[in-house]
Asker: 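If you scroll down you'll find the structure; I have some questions about it.
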2 protein chains.
Amino acid sequence: MNTLFKALNDPTRREILEFLKEKDLTAGEIADRFQISKPSISHHLDLLKQAGLVSAVKEGQFICYSLNTTVLDELLKWLMNFKNEK
Amino acid sequence: MNTLFKALNDPTRREILEFLKEKDLTAGEIADRFQISKPSISHHLDLLKQAGLVSAVKEGQFICYSLNTTVLDELLKWLMNFKNEK
DNA sequence: TTGATATTTAGACAAATGTCTAAATGTTTT
DNA sequence: AAAACATTTAGACATTTGTCTAAATATCAA
């Protein structure tokens, strides 16, 4: 839960998720969409991966990232916990 | 959205929300539940207030905090945006 | 009005975070 | 084999964050 909130607590990372919602992308394609250096994007992708929000598959010299929404169910459950009773 | 995620990105603050889910509490009552100094708790409460997650009402020399779940609807909507299509 | 209580504000400080450049690793292509 | 490309790792640096103590503000009680 901690790593999930941490991963989501950054505009760049949330925007990466938005892009990946449209379609899978390689690290380079993702980096091209931002005015941030590739190593920085790589770091963001690492945090997203740690949180289970994205998965990475190596395809030749590229690494293809895709969105993983199952982790968000946990967050959804956490949210509902507040909206329910009272 | 930014302030909301920022506010939620801390275990202490999330625990404060859990306590406030049970019932409204004064700043002191909240601080008593943690092994953190009162000024630090006060600061956490300020961030939660900035995010609209809690509201504060002065009652004499006390300040009573209560949970405000309406802001979480925004987060819920953001979440659903990912779970929907695709 | 003086003292006690409740809370916040101010300022300091270490740790975490986001960013960068330079270098390393791994894969293709010629 | 060597050069080009894709990505990450390493290390540095400034900013943000969470915490603390000391002091300020405000309210209640004697």
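A, B, ... follow the sequence lines: proteins, then strands. Residue 1 opens every chain.
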Asker: Report yes if at least one side-chain N or O of B/S42 is closer than 4.0 Å to OP1 or OP2 of C/dT7; otherwise report no.
Answerer: no

Asker: Measure from CG on A/N2 to P on D/dT17 and round the result to the nearest Å.
Answerer: 16 Å

Asker: A/A27 side chain: which of C/dT28, D/dT8, C/dG18 is closest?
Answerer: D/dT8

Asker: In whole angstroms, how far is the C1' atom of C/dA4 from the NZ atom of B/K38?
Answerer: 13 Å

Asker: Between A/H44 and C/dT17, is there a side-chain N or O to OP1/OP2 distance below 4.0 Å?
Answerer: no

Asker: Which one, D/dT8, D/dT19, C/dT9, comes nearest to the side chain of B/P39?
Answerer: C/dT9

Asker: Reckon A/L45 touches a base, only the sugar-phosphate, or nothing at all at heavy-atom distances under 4.0 Å?
Answerer: nothing

Asker: Distance check needed: D/dT17 C1' versus A/F5 CZ, whole Å only.
Answerer: 17 Å

Asker: Side-chain N or O of A/T26 versus OP1/OP2 of D/dT7: is the shortest distance under 4.0 Å?
Answerer: yes

Asker: Over how many whole Å does the gap from A/E15 atom CD to C/dG18 atom C1' extend?
Answerer: 15 Å

Asker: If only side-chain N and O atoms of A/S40 are considered, is one of them under 4.0 Å from the OP1 or OP2 phosphate oxygen of C/dC20?
Answerer: yes

Asker: Using only atom types and a distance under 3.5 Å, with no angle test, would you say the side chain of B/T69 pairs donor to acceptor with the backbone of B/L72?
Answerer: no

Asker: Are B/L53 and A/W78 connected, step by step, through hydrophobic side chains (Ile, Leu, Val, Met, Phe, Trp, Tyr) whose heavy atoms are closer than 4.5 Å?
Answerer: yes

Asker: Here's a test of your reading of the structure: between B/E59 and B/N9, which maps to the more 5' nucleotide of DNA chain D?
Answerer: B/N9

Asker: Kindly say if B/S37 contacts the phosphate of D/dC20, meaning a side-chain N or O under 4.0 Å from OP1 or OP2.
Answerer: yes

Asker: Nearest to the A/I63 side chain among D/dG18, C/dG18, D/dT8, which nucleotide is it?
Answerer: D/dT8

Asker: Rounded to the Å, how far apart are A/Q50 CD and D/dT9 P?
Answerer: 11 Å

Asker: Take A/E18 and B/N81 through the test side chain to side chain contact (heavy atoms under 4.5 Å, CB included) and record every step on the way to the result.
Answerer: CA-CA 9 Å; A/E18 301 277 2; B/N81 174 40; 3.4 Å; yes

Asker: Tell me whether the side-chain N/O atoms of A/Y65 come closer than 4.0 Å to OP1 or OP2 in D/dA6.
Answerer: no

Asker: Could you tell me how far apart A/I36 (CD1) and C/dC20 (C1') are, to the nearest whole angstrom?
Answerer: 11 Å

Asker: Just checking B/D10: base, sugar-phosphate only, or nothing, at a heavy-atom cut-off of under 4.0 Å?
Answerer: sugar-phosphate

Asker: Please figure out whether B/H43 or A/R13 has its closest DNA chain C nucleotide nearer the 5' end.
Answerer: B/H43

Asker: Among the candidates D/dT17, C/dT7, D/dT9, find the nucleotide nearest to the side-chain atoms of B/K6.
Answerer: D/dT17

Asker: Once rounded to the nearest 0.5 Å, what's the spacing between atom CG of A/L79 and atom CG of A/D73?
Answerer: 11.5 Å

Asker: Quick one: pull up CG in B/L4 and CG in B/L75 and give me the separation to the nearest 0.5 Å.
Answerer: 5.5 Å

Asker: In whole angstrom, give the distance that lies between atom CG of B/L47 and atom P of D/dT17.
Answerer: 8 Å

Asker: Hey, quick one: are A/L47 and A/I63 part of the same hydrophobic cluster, counting side-chain heavy atoms closer than 4.5 Å, chains of contacts allowed?
Answerer: no

Asker: Of the candidate nucleotides C/dT7, D/dA26, C/dT28, which contains the atom at the shortest distance from the side chain of B/K58?
Answerer: D/dA26

Asker: If you assign A/I41 and A/Q61 each to the DNA chain D nucleotide with the nearest heavy atom, which residue ends up on the more 5' nucleotide?
Answerer: A/Q61

Asker: How many whole angstroms separate atom CZ of A/F62 from atom P of C/dT27?
Answerer: 13 Å

